[in-house]
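The next block holds one structure in the form of structure tokens; read it before the comments.
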Amino acid sequence: MAKVLVIGSGGREHAIAWKFSQSRHVEEVFVAPGNPGMSDVATLVNIPQNNFEALKSFVKENHIDLTFVGPEIPLCDGIVDSFEADGLNIFGPSKAAAMLEGSKVFSKEMMKKYGIPTASYESFSDYKMAKEYLAKQEMPIVLKADGLAAGKGVIIASTMLEAQTALEDMMCNSLFDQAGSSVVIEEYLEGEEFSQLAFVNEELVVPMEIAQDHKRAYDNDEGLNTGGMGAYTPVNHLPKQAITDAIEQIMKPMAKAMVLEGTPFKGVLYGGCMWTKKGVKTIEFNVRFGDPETEVLLVSLEDDLYEVIEKVTRKEAVELHWSKDPVLGVVLANKGYPGSYTKGAVIENLSDVDATVFHMGTGKLDGKTTATGGRVLFVAKQAPTLKEAQTEVYAEIKKIKCDNLFYRTDIGAKGMK
Ligand code: AMP
Ligand code: GLY
């Protein structure tokens, strides 16, 4: 029987730990650093995700068989290279391969070089040149900070003034810290977004079921971009062609491109896709499981996650099985998110909730659960129809008492049109 260490502390990691805990090959799951809400399925290890030396010592001392990395930051900082240099088994991309998410400029250059469909763009590290280019563009337009910005580094401007202000904020006023010292200015695409994730090892691509996230903070896709406010799977109203094209034109070509570049990808590759009038386009690549897509995908996945990872690691083809019943889940966030928010409100009545609850950002104070993160809880239900799943989730959420939380009330609505 195997021991698994999951790295990270959000709802995604709770879902990953929960899924590993059900594996017939896994005897114990650890999470570093985790959050107190995950202790139902894993043992918490008090080591931060960026302390690679301490994490490696823990893995060696406790004879951990597999380390699975949830978030992008340790991947972009080279955790996989560091573990592999010590001969430790870890599932995730190397630092070089994680650039696909770590640098939007790199990612766009790769897509251009290998003919992977995406919005047309230019990238800039010089403010004056960026400003001149912007002045000649049509609105709306999309500005993206090059580096990591927790899903918030993208601004869609509908007027020139808005675009110019955003550019100045990113490049001159460090709105996203160093992440915005280079920017991508790209064509605005219209269409329906979906998330195509896949387990990848070099040229082996094992596509998952598709899911749909809801990136804007408020109902009807209003408000700022967030890490994601809710998700559901599958997305049956999209044509089959959208999925086939996402796999054949985006996921497989990028896996192959990374091999050709000498930086093969191993891990979960996330294609943020858009189905447009001109076919499928890539919005972005991420180099890890999506959050909150994972929280619905892993509820739907019928296979043993440990077995899947073992097979992909050995480069064996795997056929994944997904529940026929849709899964839908809603994020409860602290009021103010994705901007600043008050931490620590007490959450009551959680034990009354009859749903799968993943803790995204909770703490414990005097035995009570508190809301510590921007995103705090993810409440999911599986039902014969998406509508039923949605109705049930919202009924369960109403039982939760906490005056500082808000949530969108329209998660899944697009899937029921
Ligand atoms: P990203 O971080 O690149 O996924 O961007 C965050 C969100 O901004 C995406 O999920 C889209 O909703 C939106 N977005 C990004 N790029 C574009 C684009 N070129 N056209 C329209 N919307 C976009
Ligand atoms: N849900 C979007 C992301 O994980 O980046």
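Read the numbers this way: they start at 1 and go in the same order the structure lists the ligands and their atoms.
Listed by number with element, the atoms of ligand 1 under 4.0 angstrom from any heavy atom of K104 are 1 (P), 2 (O), 3 (O). Close contacts between ligand 2 and D291 involve ligand atoms 1 (N), 2 (C), 3 (C), 4 (O) [criterion: under 4.0 Å to a heavy atom]. Close contacts of ligand 1 with Y188, meaning ligand atoms under 4.0 Å from a residue heavy atom, involve 20 (N), 21 (C). Taking every non-hydrogen atom of D213 and a distance limit under 4.0 Å, the qualifying atoms of ligand 2 come out as 1 (N), 2 (C). Residue K215 has at least one heavy-atom neighbour below 4.0 Å for each of these atoms of ligand 1: 4 (O), 10 (O). Under a 4.0 Å criterion applied to the non-hydrogen atoms of K215, ligand 2 contributes the atoms 2 (C). Interface of G290 with ligand 2, defined as ligand atoms under 4.0 Å from a residue heavy atom, comprises 4 (O). Set against the non-hydrogen atoms of P292, the atoms of ligand 2 under 4.0 Å away are 1 (N). Numbered from 1 in the order shown, with element, the atoms of ligand 1 that lie under 4.0 Å from a heavy atom of E186 read 16 (N), 17 (C), 18 (C), 19 (N).
Using a 4.0 Å cut-off between a side-chain N of Lys or Arg and a carboxylate O of Asp or Glu, R12 and E293 do not qualify as a salt bridge. A salt bridge links D221 with R408: the distance from a Lys NZ or Arg NE/NH1/NH2 to an Asp or Glu carboxylate oxygen falls below 4.0 Å. A salt bridge links E396 to K399: at least one charged side-chain nitrogen sits closer than 4.0 Å to a carboxylate oxygen. A salt bridge links K266 to E84: one of the charged nitrogens lies within less than 4.0 Å of a carboxylate oxygen. Ion pairing of R288 with E101 is present here, as a side-chain N (NZ or NE/NH1/NH2) and a carboxylate O approach within less than 4.0 Å. Remark: K215 engages E284 in a salt bridge, criterion side-chain N to carboxylate O under 4.0 Å. The residues E203 and K315 are annotated as not salt-bridged, no charged nitrogen and carboxylate oxygen being separated by less than 4.0 angstrom.
When heavy-atom distances to ligand 1 are checked against a 4.0 Å cut-off, L189 comes that close through both its backbone and its side chain. Residue contacts with ligand 2 for R12 are absent, since no atom lies close enough (heavy atoms, distance under 4.0 Å). Using a 4.0 Å cut-off between heavy atoms, Y270 contacts ligand 2 through its side chain alone, with no backbone atom that close.
For the pair K112 and Y121, the cation-pi criterion (under 6.0 Å, within 45° of the ring axis) is fulfilled.
Screening L305, T313, V318 for a side chain to side chain contact (heavy atoms under 4.5 Å, CB included) involving F199 leaves a single residue, L305.
Residue N286 places at least one N or O, backbone or side chain, under 3.5 Å from an N or O of ligand 2. Taking any N or O of K144, backbone or side chain, at least one lies under 3.5 Å from an N or O belonging to ligand 1. At least one N or O atom of R288, backbone or side chain, sits closer than 3.5 Å to an N or O atom of ligand 2. For G227, a nitrogen or oxygen atom sits less than 3.5 Å from a nitrogen or oxygen atom of ligand 2, counting backbone and side chain alike. Polar contact with ligand 1: absent for I156 (N/O pair, distance under 3.5 Å).
Using modelled atom types, no side-chain atom of D213 and backbone atom of P292 make a donor-acceptor pair closer than 3.5 Å.
Counting heavy atoms only, E193 comes closest to atom 11 (C) of ligand 1 of the residues H214, E284, R216, E193.
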For this session: Dump the intermediate steps for side chain to side chain contact (heavy atoms under 4.5 Å, CB included) on F194 and V280, then the final yes or no.
Result: CA-CA 10 Å; F194 60 100; V280 73; 4.0 Å; yes
